[in-house]
Amino acid sequence: MFYFVRRGRCLDSIDLKGQPLDLDLTLGCGQAFRWRKREDGVWYGVVRDRLIELQVEGNLVYWRTYPDGGRELIVDYLRLTDDVNAANRWLSERDPHIAQLVERFHGMRLLRQDPTEALLSFVCSAANSIPRISAAIEVLASLYGELVCEKRGVCYYAFPKPERLAALEPGVLNVQGSLGFRGENLRMVAQQIVDQSEGWLLGLRNVPYACAHAELVAVRGVGPKIADCVCLFSLDKDEAVPVDTHVRQLAHRLFLPDLKAKSITNAVYRRVVDAFRERYGELAGWAQQYLFYEDLLRSRA
DNA sequence: GGTAGACCTGCAGAC
DNA sequence: CACTACAGGTCTACC
């Protein structure tokens, strides 16, 4: 029935049960940096300690992991037990513009990434472009990540552990992956993760959003934007709204006509967040992701 | 409570 | 072809 099954060994599938999932949107919208799409349409990327291959056909997601046994990992990472339809309905009722985007970007979902990887990845994103962030992370993984598997002569590596990055000489990361000034930030943040108690970051899933955000911005080198990215993309805080230049501009256009500021001060940041929270409540982060992606396409055009 | 610079690097777009 | 602007921020030093 399709190519994916004929190649190599049999694939397992998971029933989406009527919930939408579009991999192009979900893996390509900029919330994660390690996914690539093959010529044959299959998405592949390293998540934690496995290489994952994914393809959606109809109401099934076909999957394979190397090494084997990653079913739970995929269900967790893609948040397949979420009721996305309910979330989309709720958002659509509140805002016709969002309703339109829910249709246009049907199947775009938020991920549940590893918080450590998310934090370190978004530290690399400061004043950087998405292709360069991705390239830098691949370089770091190949240099300092553990080997996950080898497939057709290509080696795949896990995201580096913070211990490893923290132990590097200052300045090394500036050159590797062309991280520039972000390299030293990365090392510092990795060190601060190591200095915290075991499981600190993961534990932020179990505290309220405001609490998690406050703990993250207390890390030197982490501001409100990176903290919100970690909250939204790895800690299940669906109300988190990362405010970058795109989001500030679209908020100005859509909600805050009198917002004159050219830069994002703390006060501006709060105003934009409040505008989202007021309109979209507990799902402000989902709304942000739809609007952000629309803006991203607009600016790429 | 707000603003300007600095921080690295690569690359698109103006001369 | 040398050159400048700027990219999914954060920190610091100043008003």
Side-chain angles (χ1 to χ4, degrees), chain A residues 25-35 105 108 110-111 113 117-140 165 168-193 213-234 240-253 256 258-274 276 284-301:
Chain A
L25 294 169
T26 300
L27 304 177
C29 70
Q31 61 178 317
F33 298 105
R34 300 205 65 194
W35 290 94
F105 303 136
M108 182 162 75
L110 292 173
L111 297 169
Q113 302 183 54
E117 173 172 341
L119 177 52
L120 295 172
S121 295
F122 280 100
V123 166
C124 301
S125 78
N128 209 348
S129 62
I130 294 173
R132 292 190 56 201
I133 300 164
S134 298
I137 288 172
E138 288 314 314
V139 169
L140 293 184
L165 297 176
L168 296 173
E169 290 295 318
V172 173
L173 290 173
N174 298 41
V175 184
Q176 290 168 343
S178 302
L179 278 173
F181 67 87
R182 303 163 199 89
E184 188 52 21
N185 262 353
L186 181 61
R187 198 184 60 83
M188 278 179 9
V189 172
Q191 181 62 57
Q192 291 171 89
I193 292 172
H213 191 266
E215 291 223 29
L216 286 167
V217 293
V219 175
R220 190 169 178 69
V222 177
K225 194 274 184 174
I226 292 175
D228 273 320
C229 285
V230 175
C231 282
L232 185 60
F233 302 138
S234 76
V241 179
V243 181
D244 57 26
T245 57
H246 291 282
V247 175
R248 178 183 61 76
Q249 286 172 44
L250 70 87
H252 169 60
R253 197 171 63 237
L256 302 167
D258 59 326
L259 187 70
K260 295 285 194 303
K262 294 184 188 67
S263 60
I264 304 177
T265 63
N266 278 337
V268 170
Y269 197 101
R270 216 176 355 263
R271 278 194 69 189
V272 173
V273 167
D274 288 346
F276 269 88
W286 289 76
Q288 178 272 0
Q289 199 59 18
Y290 283 119
L291 291 167
F292 169 78
Y293 194 60
E294 180 191 32
D295 205 73
L296 195 66
L297 293 187
R298 182 197 306 244
S299 69
R300 290 215 271 243

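Computed from a prediction, not measured in an experiment: that's the story for all the values here. Just so we're on the same page: letters track the sequence lines, and every chain starts at 1.
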Say we look at [N] and [M]: how far apart would their [atom1] atoms be, to the nearest angstrom?
N: B:dG10; M: C:dC11; atom1: P; value: 25 Å
N: B:dT9; M: C:dC1; atom1: P; value: 24 Å
N: B:dA14; M: C:dA7; atom1: P; value: 15 Å
N: B:dG2; M: C:dG8; atom1: C1'; value: 23 Å

Rounded to whole Å, please give me the gap between [atom1] in [X] and [atom2] in [N].
X: A:Met188; N: C:dT10; atom1: CE; atom2: P; answer: 12 Å
X: A:Asp244; N: C:dT10; atom1: CG; atom2: P; answer: 10 Å
X: A:Arg182; N: B:dG10; atom1: CZ; atom2: P; answer: 10 Å
X: A:Tyr269; N: B:dG1; atom1: OH; atom2: P; answer: 18 Å
X: A:Asn185; N: B:dC7; atom1: CG; atom2: P; answer: 14 Å
X: A:Arg248; N: C:dT10; atom1: CZ; atom2: C1'; answer: 16 Å
X: A:Phe181; N: C:dT10; atom1: CZ; atom2: P; answer: 11 Å
X: A:Glu184; N: C:dT10; atom1: CD; atom2: C1'; answer: 14 Å

Please round to the nearest 0.5 Å and tell me the distance separating atom NE2 of A:His246 and atom CD of A:Glu294.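 Rounded to the nearest 0.5 Å, the NE2-CD separation comes out at 12.5 Å.
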
Rounded distance [0.5 Å steps], CG in A:Leu25 versus OH in A:Tyr290: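 Interatomic distance, A:Leu25 CG to A:Tyr290 OH, rounded to 0.5 Å: 9.0 Å.
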
Classify [X] by what it touches in the nucleic acid, base, sugar-phosphate, or nothing, heavy-atom distance under 4.0 Å.
X: A:Arg132; answer: base
X: A:Ala127; answer: base
X: A:Ile264; answer: nothing
X: A:Pro242; answer: nothing
X: A:Cys29; answer: base
X: A:Ser178; answer: sugar-phosphate
X: A:Val247; answer: nothing
X: A:Gly30; answer: base

With a 3.5 Å cut-off and heavy atoms only, can you find an N or O donor on one side and an acceptor on the other between the side chain of A:Lys225 and the base of C:dG8?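 Indeed there is one.
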
Closest approach to the side chain of A:Ala267, judged atom by atom: which nucleotide of B:dG1, B:dT3, C:dT10 is it?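 Taking heavy atoms from C-beta onward, the closest nucleotide is B:dG1.
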
Going by purine N1 to pyrimidine N3 plus the second Watson-Crick contact, or the G-U wobble pair, all under 3.5 Å, which nucleotide sits opposite [N]?
N: B:dC15; result: none
N: C:dG9; result: B:dC7
N: B:dG1; result: C:dC15

One thing to verify: whether A:Arg253 and A:Asp295 come together as a salt bridge, which I'm taking to mean a side-chain N less than 4.0 angstrom from a carboxylate O.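 A salt bridge links A:Asp295 with A:Arg253.
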
Of all the heavy-atom pairs spanning A:Leu216 and A:Cys231, show the shortest one and how long it is.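 A:Leu216 and A:Cys231 have their closest heavy atoms at CD1-SG, 3.9 Å.
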
Below 4.5 Å, heavy atoms only, C-beta onward: do A:Phe292 and A:Val241 meet side chain to side chain?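 A:Phe292 vs A:Val241: side chains apart.
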
Can A:Phe33 and A:Phe233 be said to form a ring-ring contact (aromatic ring centres under 6.0 Å, His included), step by step? CA-CA 12 Å; A:Phe33 298 105; A:Phe233 302 138; 8.8 Å; no

5' priority, DNA chain C, between A:Gln288 and A:Arg220 [closest heavy atom]: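 Counting from the 5' end, the first nearest nucleotide belongs to A:Gln288.
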
